[in-house]
Amino acid sequence: MHSLRTATPRIAARTAIEHARRVAPERFSTPRRHTTPRPDGPLLAAYLDHLRHVRGLEPKTCEGLLTSARWILTWLNDHLPDQPLAALTGEHVLGLVQHLLSLSANDYTRSSTTSYARTFLRFLRWAGLNDRDLARFVPRTPCWRLAHLPPRLPWEDIQRTIDAIDVTMPSGVRDRALLLMLATTGLRNKEIRMLELQDIRWRTAEVLVRRTKGKRDRVVPLLHEAGAALADYVLHARPKIDSQRVFLSYVPPVRPFKHPASISRIVRSRLERSGIELSGAAGAHLLRHCLATQLVRQRRPINEVADLLGHRSIDTTAIYVKVALPQLSDVALPFPGGAS
């Protein structure tokens with residue numbers, strides 16, 4: 001492991017070793033290290049069960065709520081050691097919220113932080129661990145809709161990035177098909193990871209997107225360039241394994257992508273290789289923003305853009321109108337008192 005100089009082969013070797021440990025643990029002389037279980041593990045397990053089966057929340061939402069619960073319990077263990085959760089008061093909640101908000105960087109994270117804290121405090125009352133209504137002590141933080149501009153890149157940069165991908169390697173064929181699908185269909189990270197071979201309608205040039213964020217299916221068009229790249233990947237570069245998922249990881253053991261970070265890492269790596277400087281997060285959603293911005297600039301109907309992106313309400317798509325400067329200049333009123 002120490003002889004490998006770069007991160008990629010180290011990650012691949014570590015993955016292969018862990019896979020071998022699971023398959024044949026008796027072949028290893030060094031036992032696996034066991035981590036000490038968290039003392040609040042049963043409480044977190046009960047909270048996760050409540051979120052899944054009582055609240056009926058999606059796994060991704062449960063993951064964020066569980067992470068927030070860990071932060072809350074860590075703060076309580078530091079400031080209220082050896083005290084039960086029943087001793088938690090409104091004054092403690094205010095101090096906890098002040099600490100959590102100090103870790104937030106923008107309005108969105110502050111709003112979600114306070115919302116997650118209220119959810120956990122309501123669970124404590126629901127489970128009988130604290131008989132007070134502590135959620136009312138958590139202040140509401142304003143988060144104004146449409147107050148920001150969506151992150152985006154010039155469409156020429158997206159095209160240059162896709163054209164610069166080396167397709168002589170199987171990973172390059174996969175990445176080119178992946179980026180073209182993201183840039184022309186506006187699929188979300190989860191949607192591209194869950195895409196299966198039977199969802200591609202080759203004869204009608206359509207892609208069926210299942211299990212979307214709005215819990216409904218939708219159909220998006222498959223453009224010729226994206227379809228040709230996808231067919232090239234499926235026929236010549238896709239590993240032959242027993243899985244219906246379209247996009248697979250080449251890191252041993254070959255398998256479908258499970259985590260959103262895998263797709264984001266591919267997108268960011270390809271953008272950086274083409275010389276694009278990225279100031280923030282870059283992933284599937286960045287290409288989704290770029291596609292929506294490009295369509296609005298081409299004066300495509302806003303309801304058509306909303307249908308492509310899978311938005312239930314046009315109000316969600318309205319944020320992209322803010323970057324359509326030519327259209328906004330057409331409807332701008334003259335400045336009062338200025339020269340006509």
Undergrad: At their closest point, which heavy atom of L134 faces which heavy atom of L121, and how far apart are they?
TA: O-CD1, 3.7 Å
Undergrad: Is T61 reaching over with its side chain to a backbone N or O of L57, donor-acceptor style, under 3.5 angstrom?
TA: no
Undergrad: With side-chain contact (heavy atoms from CB on, under 4.5 Å) as the criterion, how do L101 and T141 come out once you've worked through the C-alpha distance, each side chain's angles and the decisive distance to 0.1 Å?
TA: CA-CA 10 Å; L101 291 179; T141 55; 4.3 Å; yes
Undergrad: Got a sec, which residues hit salt bridge (Lys or Arg N to Asp or Glu O under 4.0 Å) with R125, two or more places apart in sequence or on another chain?
TA: D133
Undergrad: Salt-bridge test for E18 and R22: reply yes if a basic N is under 4.0 Å from a carboxylate O, no otherwise.
TA: no
Undergrad: Less than 4.5 Å apart, any side-chain heavy atom of Q244 and any of Q198?
TA: yes
Undergrad: If you measure from CD on E191 to CG on L195, what distance do you get to the nearest 0.5 Å?
TA: 9.5 Å
Undergrad: Which heavy atom of I72 sits nearest a heavy atom of A117, and at what distance?
TA: CD1-CA, 3.9 Å
Undergrad: In Å, rounded to the nearest 0.5 Å, how long is the span from CZ of R160 to CG of D157?
TA: 4.5 Å
Undergrad: Would you confirm whether S68, through its side chain, and L65, through its main-chain N or O, come within 3.5 Å as a donor-acceptor pair?
TA: no
Undergrad: Would you indicate whether the side-chain heavy atoms of T119 and L51 approach each other to under 4.5 Å?
TA: yes
Undergrad: Between L197 and R238, is any pair of side-chain heavy atoms under 4.5 Å apart?
TA: yes
Undergrad: Can you see which heavy atom on L44 is nearest to which on A69, and at what distance?
TA: CD2-CB, 3.9 Å
Undergrad: Between R255 and P253 (side chain of the first, backbone of the second, donor and acceptor by atom type, cut-off under 3.5 Å), is there such a pair?
TA: yes
Undergrad: Under the 3.5 angstrom rule, does the side chain of E63 hit a backbone N or O of K60 as a donor-acceptor pair?
TA: no
Undergrad: Where the side chain of N130 meets the backbone of L88, is there a donor-acceptor pair that is under 3.5 Å apart?
TA: yes
Undergrad: In terms of hydrophobic clusters joined by side-chain contacts under 4.5 Å, are V219 and V305 together?
TA: no
Undergrad: Test side-chain contact (heavy atoms from CB on, under 4.5 Å) on L208 and I200; report intermediate values, then the result.
TA: CA-CA 6 Å; L208 176 61; I200 306 173; over 6 Å; no
Undergrad: Got a sec, which pairs hit ring pair (Phe, Tyr, Trp, His ring centres under 6.0 Å) with one end in residues 240-288, sequence neighbours left out?
TA: Y233-F247, H285-H289
Undergrad: When rounded to the nearest 0.5 angstrom, what is the spacing between CD1 in I276 and CG in L271?
TA: 5.0 Å
Undergrad: Do the non-hydrogen side-chain atoms of L100 and Y116 ever get within less than 4.5 Å of each other?
TA: no
Undergrad: State whether the side chain of D199 and the backbone N or O of E196 hold a donor-acceptor pair below 3.5 Å, judged by distance alone.
TA: yes
Undergrad: Main chain of R110, side chain of T114: is a donor-acceptor contact present, judged purely on distance under 3.5 Å?
TA: yes
Undergrad: Stepwise, does the side-chain contact (heavy atoms from CB on, under 4.5 Å) test hold for M194 with R245?
TA: CA-CA 6 Å; M194 301 296 291; R245 298 285 176 82; 3.4 Å; yes
Undergrad: Are any side-chain N or O atoms of S262 and backbone N or O atoms of K258, one a donor and one an acceptor, separated by less than 3.5 Å?
TA: no
Undergrad: Within this structure, what is the CG-OG1 distance for the pair L222 and T185, rounded to the nearest 0.5 Å?
TA: 8.5 Å
Undergrad: Looking at E91, I want to see if its CD is surrounded by more than 12 non-hydrogen atoms of other residues, nucleotides or ligands under 6.0 Å.
TA: no
Undergrad: Do Y47 and V54 belong to the same hydrophobic cluster, where Ile, Leu, Val, Met, Phe, Trp and Tyr are linked whenever their side-chain heavy atoms lie under 4.5 Å apart, directly or via other members?
TA: yes
Undergrad: Are there over 12 heavy-atom neighbours, none belonging to W71, within less than 6.0 Å of that residue's CH2?
TA: no
Undergrad: Decide side-chain contact (heavy atoms from CB on, under 4.5 Å) for I17 and R14; before the verdict, give the C-alpha distance in whole Å, the side-chain angles of both, and the deciding distance to 0.1 Å.
TA: CA-CA 5 Å; I17 291 173; R14 191 179 302 113; 5.7 Å; no
Undergrad: Taking all non-hydrogen atoms of both residues, which atom of R218 and which atom of G186 are closest, and how far apart?
TA: NH2-O, 4.1 Å
Undergrad: Taking all atoms of both residues into account, what is the closest heavy-atom pair of P221 and L308, and its distance?
TA: CD-CD1, 3.8 Å
Undergrad: Provide the closest heavy-atom pair for L309 versus R288 in the form atom of the first, atom of the second, distance.
TA: O-NH2, 2.7 Å
Undergrad: If you measure from the Lys or Arg side-chain nitrogens to the Asp or Glu carboxylate oxygens, is any gap between E225 and R176 under 4.0 Å?
TA: yes
Undergrad: Does any non-hydrogen side-chain atom of V207 lie less than 4.5 Å from one of R201?
TA: no
Undergrad: When rounded to the nearest 0.5 angstrom, what is the spacing between CE in M181 and CG in L223?
TA: 9.5 Å
Undergrad: Measure the shortest side-chain to side-chain distance between L180 and L230 over non-hydrogen atoms and say whether it is less than 4.5 angstrom.
TA: no
Undergrad: Using the test side chain to side chain contact (heavy atoms under 4.5 Å, CB included), find all partners of R273 that sit at least two apart in sequence or belong to another chain.
TA: S269, R270
Undergrad: Check whether any side-chain N or O of H79 sits under 3.5 Å from a backbone N or O of W75 as a donor-acceptor pair, and report yes or no.
TA: yes
Undergrad: Would you indicate whether the side-chain heavy atoms of H99 and L103 approach each other to under 4.5 Å?
TA: yes
Undergrad: Please answer: with hydrophobic residues joined when any side-chain heavy atoms are less than 4.5 Å apart, are M169 and L178 in the same cluster?
TA: no
Undergrad: Considering residues, nucleotides and ligands other than E26, do more than 12 of their heavy atoms fall under 6.0 Å from its CD?
TA: yes
Undergrad: Do the non-hydrogen side-chain atoms of L43 and L129 ever get within less than 4.5 Å of each other?
TA: yes
Undergrad: How far does CD1 of I263 sit from CG of L182, to the nearest 0.5 angstrom?
TA: 7.0 Å
